[in-house]
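One-based numbering, in listed order, for ligands and for the atoms of each.
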Amino acid sequence: MGYTVAIVGATGAVGTQMIKMLEESTLPIDRVRLLASERSAGKTLPFNGQEIVIEETTESAFEGVDIALFSAGGSTSAKYAPYAVKAGAIVVDNTSYFRQNPDVPLIVPEVNAHAMDAHNGIIACPNCSTIQMMIALEPIRQKWGLDRIIVSTYQAVSGAGANAINETLGQLHEAVVDGVEPKKLHAEILPCGGDKKHYPIAFNALAQIDVFTENDYTYEEMKMTNETKKIMEDDSIKVSATCVRVPVISGHSESVYIETKEIAAIPEVKQAIANFPGAILEDDPSQQIYPQAINAVGRRETFVGRIRKDLDAEKGIHMWVVADNLLKGAAWNSVQIAESLHERGLVRPTTELKFELK
Ligand code: 25A
Ligand code: L14
């Protein structure tokens, strides 16, 4: 007997990759159900060569579902994930809505799979930028400890969804084919769909991802701070982030500066990263080898390179970390969580509902 797996937001940038990851998954799957908003209901998408009719997401859509993967934005998860749990499913949620809830484990399987054991029906998949940074830094934390992290991201537009991809491609077309100057390109989504002003991303770099918080950091930046502490189970790690959108379609890059607790030698740091599951060391300056977004697309691993000592701080190390934001940053990490739940015997209905039905 296999599972019935549902994808909520199946037509989106992440949802379509979830379909692909399920096709390639080791999970025993009997049936896949594709859910989206009412606009997509009735259309079809293929799964393993078979056309599946998309259904509207409703409170009663989860009967008979064992595993539900959510990626249709925070408000959709807030509304429907508790109904999925009530119906006996285990939810893997890719949005930020439940990530800081103490009843919800926040999981990168290579780093903290053990934290799933205490689940209450919802497991959260971290933010894409946090996930790939965890894969690069956990092997270092394990051996030398982590005192602080200062990270600047170079994030692809696909993180903001299918509409943001279309907006970027449209702007490139307007500029190159119609000769529109960059400042006059048409923008209505980026930097952030929910904010008041919109700026072109083509030929640009925007130091805003998600809306601003009270301390002048954006939510995306505060997610990196708060999620790192929760995943690494250490509130004393200092984390400050600057998150920047660049005109790349897929593949997030990050310049990461860390200070370790103990002094670490660079060859041993490289070895520790090369040995860590899910990490690939790409670091040979003499051959101009370092991670690139275009090479990471379509891959599940996180690529790490440019590893070098800070010129002044003896415990300071710099590196460049790249991954496919739609795969390890979202769809693959979610399906990998589902595979780990299965391997640990944790796919089962939850008896006590800890989440509010709205
Ligand atoms: O809601 P948020 O929090 O602001 O999230 C913004 C977007 O971020 C993406 C996803 O975009 C989401 O919509 N996203 C979410 N989590 C992400 C993550 N972790 C993430 N991206 C990266 N990493 P997307 O375009 O890739 O995916 C959209 C999918 O979500 C489905 N959807 C939207 N609302 C839904 C819903 N499904 C069920 N119930 C809902 N209430 C959406 O379904 C798509 O699958 P769709 O294909 O039917 O939508 C077709 C187009 O119409 C837009 N749209 C949908 N509902 C509305 C709408 N537009 C205006 N008003 C609406 N009520 C969709 O954006 C889509 O373009
Ligand atoms: O919190 O716009 O997981 O690139 C990740 C993608 C938030 C939006 C999350 C983007 C989302 C972000």
**Item:** ring pair (Phe, Tyr, Trp, His ring centres under 6.0 Å) partners of F276, counting only residues at least two apart
**Value:**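 Ring pair (Phe, Tyr, Trp, His ring centres under 6.0 Å) check on F276 returns nothing, list empty.
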**Prompt:** With a 4.0 Å cut-off on heavy atoms, does D210 reach ligand 2?
**Reply:** no
**Request:** Report the member of E220, Q208, H252, R99 with the shortest heavy-atom distance to atom 9 (C) of ligand 2.
**Result:** R99
**Request:** State which residues pass side-chain contact (heavy atoms from CB on, under 4.5 Å) with D234; sequence neighbours excluded, sorted by chain then number.
**Result:**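 For D234, the residues satisfying side-chain contact (heavy atoms from CB on, under 4.5 Å) (neighbours in sequence not counted) are S236, I237, K261.
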**Prompt:** Short N/O distance, under 3.5 Å, between K223 and ligand 2?
**Reply:**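 Yes: some nitrogen or oxygen of K223 is under 3.5 Å from one in ligand 2.
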**Item:** Atom indices of ligand 2 within 4.0 angstrom of A160 heavy atoms, with elements
**Value:**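 Counting from 1, the qualifying ligand atoms are 2 (O), 4 (O), 10 (C).
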**Prompt:** Can you list the ligand 2 atoms lying under 4.0 Å from a non-hydrogen atom of C128?
**Reply:** 5 (C), 6 (C)
**Asked** Would you call E227 and K230 a salt bridge, using N to O less than 4.0 angstrom?
**Response**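 No, E227 and K230 are not salt-bridged.
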**Message:** Checking side-chain polar atoms at under 3.5 Å, does N226 have a donor or acceptor matched by the opposite partner on Q100?
**Reply:**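 N226 vs Q100: no donor-acceptor pair found between side chains.
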**Request:** Go through E220 and Q155 one step at a time and tell me if the side chain to side chain donor-acceptor pair (under 3.5 Å) criterion holds.
**Result:** CA-CA 11 Å; E220 185 77 354; Q155 295 185 222; 3.0 Å; yes
